[in-house]
**Student:** 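Take a look at the following structure, please.
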Amino acid sequence: MQLLSSYLAGAWSAGSGSRTSLVNPATEEALAEVHTGGHDLAAAFRHARTKGAAELGQMTFAQRGAVLAALAKAIHGAREELIALAVANGGNTRGDAKFDIDGGAVTLSHYAELGAKLGATTLLADGEPIQVGRTARMGGQHIWARRAGVAVHINAFNFPAWGLCEKLACALLAGMPVIAKPATATALVAHRLAQLFEPLVPAGALSMLIGPAGTLLDNVGATDVVAFTGGASTAKSLRTQLAAKGARLNIEADSLNAAVLGPDVELTSETGGLFLGDIVRDMTQKTGQKCTATRRVLVPADRLGDVCDAMKERLAAIAIGDPSRDDVRMGPLATAAQRDDVRAGIDRLAAVTDSVHGGTGDVTPIGVAAGKGYFVGPVVRSTKAPMDCAPLNEHEVFGPVSTVGSYDGSAAFAAAFIARGEGCLVSSAYSDDRDWVTGFVSAAAPWAGRLFLGSQKMAAQSPGPGTVLPSLNHGGPGRAGGGEELGGERGLHHYMQRCALEGDASVLKSLLGG
Ligand code: NAP
């Protein structure tokens with residue numbers, strides 16, 4: 001049995017004490033073990049703060065970007081091996097695994113290109129020069145300088161590659177050393193990435209703790225940054241734990257994303273086809289374990305039956321089973337705990353909604369021994385009172401589960417429904433009526449980190465709402481954690497300090513390479 005090591009303070013170490021197993025969620029076979037502690041985490045922070053910060057501090061954006069390009073290349077070189085690990089340890093189909101792994105490489109490449117564009121400098125301008133004196137000689141300029149300290153990245157189980165890479169790309173390009181902590185249950189992919197990346201990054205720039213967090217956060221100081229992706233209850237405890245320390249905390253937590261069908265859209269139209277394709281893909285890709293997946297669907301009352309019928313038809317064609325098989329389109333949930341959570345969420349919904357498809361998720365998976373694996377089949381529920389449905393609007397079911405509600409077709413109701421989720425990462429609306437879209441966006445935007453506007457003219461090149469792009473903001477208000485990641489250059493700001501400079505305008509200009 002493979003025993004996984006952590007990479008801390010410039011060395012690989014297995015830790016000590018009790019062990020926990022990483023399993024294949026389709027077969028429940030143990031794949032590897034990891035010690036639950038025994039690491040000198042204080043030494044890891046010291047090493048990152050001294051060696052890592054010093055090495056990155058000597059580099060320009062262009063040089064750091066070149067490092068990111070090398071990491072993306074390393075992923076391409078080991079792609080098949082990484083896909084096999086994701087299939088075995090994550091319950092991913094090959095398509096799911098590619099979505100995670102290629103997404104990681106694309107994000108690294110995006111920030112590599114941004115580094116090249118920012119060039120041979122170390123400071124970023126924040127806005128235009130300002131005249132603060134009597135004449136133009138006395139100037140002001142806001143800048144971004146890299147933050148002192150360490151970036152601690154705590155990642156969720158669902159995207160072990162992309163989650164690592166999207167946070168790492170922004171922090172390293174900004175110039176902060178990183179200590180990453182992948183979720184233990186699916187850590188095989190992140191562990192292999194650390195092995196691939198370690199020789200390619202400056203000394204001390206990347207450390208990785210494999211296994212539970214233990215005393216990790218006890219070492220966080222005021223100039224450090226913690227970026228967390230995971231459940232709302234863990235997020236809450238991190239807020240309490242870190243508040244007194246003054247560290248910057250970015251949280252991406254639960255999200256009740258919604259998809260709205262505009263009143264002008266026929267299901268047989270291109271826009272209608274985009275809507276159906278997106279909601280079914282979001283339910284089944286990664287078995288619905290995507291932070292961006294649609295949990296709540298809103299359709300005009302006269303289209304409720306047609307939408308439910310179309311979803312049933314599409315979902316019935318999805319083969320569920322051992323994700324290593326070519327004929328399987330949807331695998332198991334990642335852990336037994338996630339399966340139990342999803343089943344509890346379905347039961348809560350079943351008490352107040354009507355069954356459309358999949359009952360309460362029982363399924364006989366293809367190619368799996370009887371009783372084995374953490375499988376739940378796709379489940380669609382429906383309600384004619386979506387606003388009043390507390391289990392729908394107040395609890396994220398992190399699996400292949402969606403509920404379709406009916407509405408009066410007004411943009412005001414649609415936006416109020418988005419707001420009912422109390423803050424989401426992304427929601428989508430499908431309409432070719434620009435007046436309706438304008439009314440919807442202005443009322444819904446305060447409740448979403450991203451709004452996806454599906455229409456006939458963009459349908460042919462749409463990535464869908466479930467795909468997070470490095471150039472656009474990822475994060476959301478309220479329940480979604482209040483964080484922001486990515487968004488091109490904006491993603492660096494989390495790891496940088498804004499500083500207002502005052503002085504001779506020509507000196508200020510020269511500091512920014514002018
Ligand atoms: P989680 O239990 O919050 O775990 C997320 C990460 O936090 C893991 O790396 C976990 O490590 C770590 N962690 C747990 N307790 C910690 C602590 N006290 N201090 C520091 N780190 C700690 O979430 P999960 O089990 O991955 O998922 C639970 C729910 O979160 C899901 O059902 C879903 O609702 C939501 N979720 C949201 C997103 C999103 O992107 N928005 C993603 C995934 C999950 P270990 O793995 O070692 O415990």
Side-chain angles (χ1 to χ4, degrees), residues 4 6 15 19-22 25 34-37 39 41 89-90 100 103 152-160 162-164 166-167 179-191 208-220 226-242 247 249-257 286-293 295 333-346 374 376 394-401 421 423-426 449-450 466 468 474-486:
L4 300 182
S6 294
R19 293 182 180 198
T20 185
S21 296
L22 281 65
V34 59
H35 282 295
T36 55
H39 299 289
L41 296 172
N89 183 210
D100 181 27
V152 178
H153 292 165
I154 301 176
N155 284 314
F157 68 85
N158 52 342
F159 282 98
W162 178 85
L164 171 72
E166 57 102 15
K167 288 183 170 67
I179 299 178
K181 196 213 102 51
T184 304
T186 58
L188 271 184
V189 169
H191 174 263
M208 184 178 286
L209 172 65
I210 306 279
T215 57
L216 183 73
L217 296 179
D218 294 351
N219 296 281
V220 170
V226 177
F228 168 82
T229 301
S233 63
T234 316
K236 196 171 164 192
S237 80
L238 260 60
R239 280 190 209 280
T240 312
Q241 195 180 351
L242 293 173
L249 176 61
N250 194 74
I251 287 179
E252 199 211 310
D254 299 2
S255 184
L256 290 161
N257 313 307
K286 290 200 132 263
T287 320
Q289 299 165 108
K290 288 195 307 186
C291 50
T292 53
R295 313 292 175 198
L333 294 161
T335 65
Q338 284 300 314
R339 177 203 53 200
D340 296 346
D341 263 16
V342 168
R343 285 207 173 275
I346 294 170
Y374 312 135
V376 174
E394 294 168 16
H395 188 90
E396 181 182 38
V397 184
F398 209 65
V401 182
C424 64
L425 296 171
V426 58
R450 179 161 56 92
V468 173
H474 178 56
R479 187 191 303 279
E484 289 189 349
E485 292 182 330
L486 300 171

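It should be emphasised that the depicted structure is a prediction, and the values quoted were computed from it without experimental measurement. For ligands, and for the atoms within them, numbers begin at 1 and follow the listed sequence.
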**Student:** Just need the protein heavy atom nearest to atom 35 (C) of ligand 1, so name the residue and atom and give the distance.
**Tutor:** D254 OD1, 3.4 Å
**Student:** For atom 37 (C) of ligand 1, state which one of C291, G230, G483, S233 supplies the nearest heavy atom.
**Tutor:** G230
**Student:** If the cut-off is 4.0 Å to any non-hydrogen atom of A156, which atoms of ligand 1 fall inside it?
**Tutor:** 42 (C), 43 (C)
**Student:** Tell me which one of L238, D218, T184 gets a heavy atom nearest to atom 47 (O) of ligand 1.
**Tutor:** T184
**Student:** Name the closest protein heavy atom to atom 24 (P) of ligand 1, giving the residue it belongs to and the distance to 0.1 Å.
**Tutor:** F157 CD2, 3.8 Å
**Student:** Can you check side chain to side chain contact (heavy atoms under 4.5 Å, CB included) on R479 and L256, steps first, answer last?
**Tutor:** CA-CA 8 Å; R479 187 191 303 279; L256 290 161; 3.4 Å; yes
**Student:** Quick one: nearest non-hydrogen protein atom to atom 38 (C) of ligand 1, plus distance?
**Tutor:** F398 CZ, 3.9 Å
**Student:** Would you compute the distance between atom CZ of R295 and atom NE2 of H395 and round it to the nearest 0.5 angstrom?
**Tutor:** 10.0 Å
**Student:** Should you measure from each heavy atom of G231, which atoms of ligand 1 turn up under 4.0 Å away?
**Tutor:** 1 (P), 3 (O), 23 (O), 29 (C), 30 (O), 35 (C)
**Student:** Atoms of ligand 1 less than 4.0 Å from K181 heavy atoms?
**Tutor:** 9 (O), 10 (C), 11 (O), 12 (C), 45 (P), 47 (O)
**Student:** Whether K286 engages the ring of F159 as a cation-pi pair (distance to the six-membered ring centre under 6.0 angstrom, angle to the ring normal within 45°) should be assessed.
**Tutor:** yes
**Student:** Is there a donor-acceptor pair under 3.5 Å between the side chain of N155 and the backbone N or O of A180?
**Tutor:** no
**Student:** Is a side-chain donor or acceptor of T240 paired with a backbone partner of K236 at a separation under 3.5 angstrom?
**Tutor:** yes
**Student:** Please determine whether any non-hydrogen atom of P212 lies less than 4.0 Å from an atom of ligand 1.
**Tutor:** yes
**Student:** With atoms numbered from 1 as shown, which atoms in ligand 1 lie under 4.0 angstrom from a non-hydrogen atom of N158?
**Tutor:** 42 (C), 43 (C)
**Student:** Measure the spacing between NE2 of H39 and OG of S6 and express it to the nearest 0.5 Å.
**Tutor:** 3.5 Å
**Student:** What is the distance from atom CZ of R343 to atom CG of L333, rounded to the nearest 0.5 Å?
**Tutor:** 9.0 Å
**Student:** Would a distance-only check, ignoring hydrogens and angles, find a side-chain to backbone donor-acceptor pair under 3.5 Å from T292 to G466?
**Tutor:** yes
**Student:** Does at least one non-hydrogen atom of F159 fall below 4.0 angstrom from an atom of ligand 1?
**Tutor:** no
**Student:** For ligand 1, which atoms, with element, lie under 4.0 Å from some heavy atom of F228?
**Tutor:** 3 (O), 5 (C), 6 (C), 7 (O)
**Student:** Tell me: protein heavy atom nearest atom 12 (C) of ligand 1, and distance?
**Tutor:** I154 CG2, 3.6 Å
**Student:** Report yes if some N/O of A253 lies less than 3.5 Å from some N/O of ligand 1; otherwise report no.
**Tutor:** yes
**Student:** Would you find a donor on one side and an acceptor on the other, under 3.5 Å apart, between the side chain of D254 and the backbone of A232?
**Tutor:** yes
**Student:** Can any side-chain N or O of N89 pair as donor or acceptor with the backbone N or O of L188 at less than 3.5 Å?
**Tutor:** yes
**Student:** Where's the contact between A480 and ligand 1, heavy-atom distance under 4.0 Å: side chain, backbone, both or neither?
**Tutor:** neither
**Student:** Short question: side chain of Q289, backbone of A334 - any donor-acceptor pair under 3.5 Å?
**Tutor:** yes
**Student:** Check E485, E252, H153 against K167 for a side chain to side chain donor-acceptor pair (under 3.5 Å) and give me the one that passes.
**Tutor:** E485
**Student:** Compute the shortest N/O to N/O distance between Q241 and ligand 1 and return yes if it is under 3.5 Å, no if not.
**Tutor:** no
**Student:** For atom 5 (C) of ligand 1, grab the closest protein heavy atom and report residue, atom and distance to one decimal in Å.
**Tutor:** T229 O, 3.6 Å
**Student:** Just wondering, are more than 12 heavy atoms of other shown residues or ligands nearer than 6.0 Å to CD in Q241?
**Tutor:** yes
**Student:** Under 3.5 Å between any N/O of N155 and any N/O of ligand 1: does that happen in this structure?
**Tutor:** yes
**Student:** Looking only at protein heavy atoms, which one is nearest to atom 3 (O) of ligand 1, and how far off is it?
**Tutor:** T234 OG1, 2.5 Å
**Student:** Just jot down the ligand 1 atoms closer than 4.0 angstrom to any heavy atom of A213, in number order.
**Tutor:** 19 (N), 20 (C), 21 (N)
**Student:** Does any N or O of ligand 1 fall below 3.5 Å from an N or O anywhere on D341, backbone included?
**Tutor:** no
**Student:** E396 heavy atoms, cut-off 4.0 Å: which ligand 1 atoms fall inside?
**Tutor:** 33 (C), 34 (O), 35 (C)
**Student:** May I ask you to check if ligand 1 and Q338 share an N or O to N or O distance below 3.5 Å?
**Tutor:** yes
